[in-house]
Amino acid sequence: MRGLSIDDTLGKLLMATIDKLKIKKSERSNASSCVNNITAKVVTHLKQNVNWCKDIERLRTGSYYENVKVSDAVEWTFKSLIWPEHFSVALKRHPNKHALHRFLNEDKTIQASEMLSEFRDAVKEAPNVILAVTLERNEISSPNSVHMLKMEENGKTISIDFVLGLKVHRASWPDFTKDGFKIETWLGKKEKANMKHRPFYLVSKYEGKGHTDAWRISFSHVEKEILKRHGHSKTCCEDVGYKCCQKECLKLLKYLLQQLKEDDSKSRKMSKFCSYHAKTTLLHACQLLEDFVQHLRKCHLPNFFIPSHNLLRQASPSSCDFLANEIEFQLNNNFLIFS
DNA sequence: CCATGCTAAATACG
DNA sequence: CGTATTTAGCATGG
């Protein structure tokens, strides 16, 4: 949207699209009361009935809570990251007494699959929560999701993911994050050091009963926080009269991906792309479309926190080129796809 | 655990 | 068009 005036045809179209993507107040209200209601029931049930869930805490994460949800999506997903508080300290001090001790392997690693099975079963048993429960979820479209409750609300599918995690307090983040999280020029060194003192989360990854245990590292709490301070400087959007448009750009890019995915003739080529690619591009800061195309041309979009992890590793060079061409086509043709 | 005040965003209003 | 109100989320502090 750089250099565009709202008088331009293109500017007008994009502004109209942004308007279309805004979430209606009533819709928001409906969805959140529905989600909050159910989540409260599930959390209460877990606290009362699962001995290692007595002191669980919850974090709302995902695009809804980052104010970058696109209204047009057929399905709305709300994510709750749930973790037992104080597990590591208590487990170290009283390894045999702690409620989690039976999940320990001989080598002191934690059995993700067993823990997750129990967690999932307990969520299903929560009373007054009559919902279809789907276990599997497309790994690509939502890598953090392991558990999902689905419901219909006013014709819209709402799903809640309950993600089981372990909060890890350490002096620092793991080594492989060393060269990532480049926010110095954006939010400043102090802010970066500050955030690096936050814990990180290990998120259980469901691979079926009896599978090898797997935890994936998650920084969704940090993502949420820096999305709040989305602009080029710490004070972005604080000044009256100046409003940046990065969130709007992210919404547009997400919408673009969504439209392409829904096109049957293109969906096959689009299958490996997801909104997290769009979000990551924003985190890398941040001309969005141009940057996204460049990432695609190189088939290389590093995880913002773990630079050695290429989020496009599963996308073939030809599908990356395909998407880059699609985006450039839209750029050169006034975003026909939005009108 | 709950009350309170603050913020961001949608929208009603002038 | 700009400003005020409403709402959900969230931090704070008892």
Side-chain angles (χ1 to χ4, degrees), chain A residues 1 4-8 11-12 14-49 53-73 76-86 151 153-154 156 158-163 165 167 169 187 191 194-195 197-199 201 218-255 275 279 282-283 286:
Chain A
M1 287 163 77
L4 284 180
S5 120
I6 49 166
D7 297 327
D8 295 331
K12 274 184 184 155
L14 293 182
M15 294 307 285
T17 309
I18 286 166
D19 260 3
K20 190 168 76 178
L21 298 180
K22 276 181 184 162
I23 294 173
K24 293 265 170 302
K25 219 171 169 179
S26 58
E27 254 184 292
R28 178 187 207 94
S29 182
N30 269 339
S32 65
S33 71
C34 169
V35 168
N36 290 340
N37 202 345
I38 285 165
T39 308
K41 281 175 184 161
V42 168
V43 168
T44 311
H45 177 80
L46 289 173
K47 282 185 183 231
Q48 287 170 352
N49 295 280
C53 286
K54 275 182 189 131
D55 63 349
I56 50 172
E57 292 197 21
R58 176 164 66 109
L59 181 76
R60 298 156 155 111
T61 63
S63 63
Y64 176 86
Y65 300 103
E66 290 161 351
N67 288 314
V68 289
K69 175 155 287 299
V70 165
S71 157
D72 212 63
W76 279 20
T77 302
F78 294 77
K79 280 189 204 169
S80 270
L81 173 58
I82 292 179
W83 70 93
E85 187 56 283
H86 304 134
M151 73 211 87
E153 178 79 9
N154 299 329
K156 181 155 268 176
I158 290 179
S159 65
I160 311 177
D161 287 1
F162 293 97
V163 180
K167 183 159 136 185
H169 273 288
L187 298 171
E191 198 63 29
N194 222 336
M195 291 200 192
H197 286 126
R198 304 280 145 87
Y201 292 87
S218 163
F219 294 98
S220 47
H221 55 313
V222 180
E223 288 169 12
K224 183 176 171 181
E225 208 174 326
I226 60 185
L227 255 279
K228 257 204 252 179
R229 311 173 194 187
H230 47 279
H232 280 292
S233 77
K234 228 193 279 191
T235 55
C236 180
C237 287
E238 280 179 8
D239 293 334
V240 191
Y242 174 73
K243 171 100 175 66
C244 80
C245 62
Q246 280 173 328
K247 279 188 185 169
E248 283 73 17
C249 288
L250 176 56
K251 282 184 173 181
L252 289 174
L253 181 54
K254 283 171 70 167
Y255 183 52
S275 63
K279 185 177 171 183
L282 176 94
L283 292 174
C286 293

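Protein chains get the first letters and strands the later ones, always in sequence-line order, with residue 1 at the start of each.
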Inset, instruction - Could you work out which one of C/dA8, B/dA8, B/dA10 sits closest to the side chain of A/K22? - result: B/dA10

Inset, instruction - Indicate, with a heavy-atom threshold strictly under 4.0 Å, whether A/K69 touches base, sugar-phosphate, or nothing. - result: nothing

Inset, instruction - Take the protein atom NZ of A/K24 and the nucleotide atom P of C/dT7, then report the distance between them rounded to whole Å. - result: 17 Å

Legend entry - Under-3.5 Å donor-acceptor pair between A/K228 side chain and B/dT7 base: no

Legend entry - A/R60 and A/N36, any side-chain heavy atoms less than 4.5 Å apart: yes

Inset, instruction - Could you say whether A/N67 or A/K47 is positioned toward the 5' end of DNA chain B, judged by the nucleotide with the nearest heavy atom to each? - result: A/K47

Legend entry - Nucleotide B/dA8, atom P - distance to CD1 of A/I18 in whole Å: 19 Å

Legend entry - Presence of A/N36 side-chain N/O under 4.0 Å of C/dG9 phosphate oxygens OP1/OP2: yes

Inset, instruction - Provide, to the nearest angstrom, the distance between the CG atom belonging to A/D55 and the P atom belonging to B/dC1. - result: 12 Å

Legend entry - Check: A/K79/A/Y65 side-chain N/O donor and acceptor closer than 3.5 Å: no

Inset, instruction - Report which part of the nucleic acid A/K25 touches: base, sugar-phosphate, or nothing (heavy-atom distance under 4.0 Å, all strands). - result: base

Legend entry - Any A/S33 side-chain N or O less than 4.0 Å from OP1/OP2 of C/dA8: no

Legend entry - Residue pair A/Y64 / A/R28, side-chain heavy-atom distance below 4.5 Å: yes

Inset, instruction - Take atom CD of A/E225 and atom P of C/dG9, then tell me their distance rounded to the nearest Å. - result: 18 Å

Legend entry - Of the listed nucleotides B/dA8, C/dA8, B/dA10, the one nearest the side chain of A/K251: B/dA10

Inset, instruction - Check whether any side-chain nitrogen or oxygen of A/K224 sits under 4.0 Å from OP1 or OP2 of C/dC10, and answer yes or no. - result: yes

Legend entry - A/L81 CG to C/dG9 P, straight-line distance once rounded to whole Å: 17 Å

Inset, instruction - Could you tell me the separation between the CD atom of A/E27 and the P atom of B/dA9, rounded to a whole number of Å? - result: 18 Å

Inset, instruction - On the 0 to 90° scale, with breaks at 30° and 60°, tag the A/H221-A/F219 ring pair as parallel, tilted or perpendicular. - result: parallel

Legend entry - A/R28 vs C/dT7: side-chain N/O to OP1/OP2 distance below 4.0 Å: no

Inset, instruction - Would you kindly say whether A/S80 and A/T39 are connected by a side-chain donor-acceptor distance under 3.5 Å? - result: no

Legend entry - Between P of C/dA11 and NE2 of A/H221, the distance in whole Å: 13 Å

Legend entry - Contact under 4.0 Å: A/Y65 side-chain N or O vs C/dA8 OP1/OP2: no

Inset, instruction - To the nearest Å, give me how far apart CD1 (A/I56) and C1' (B/dC1) are. - result: 16 Å

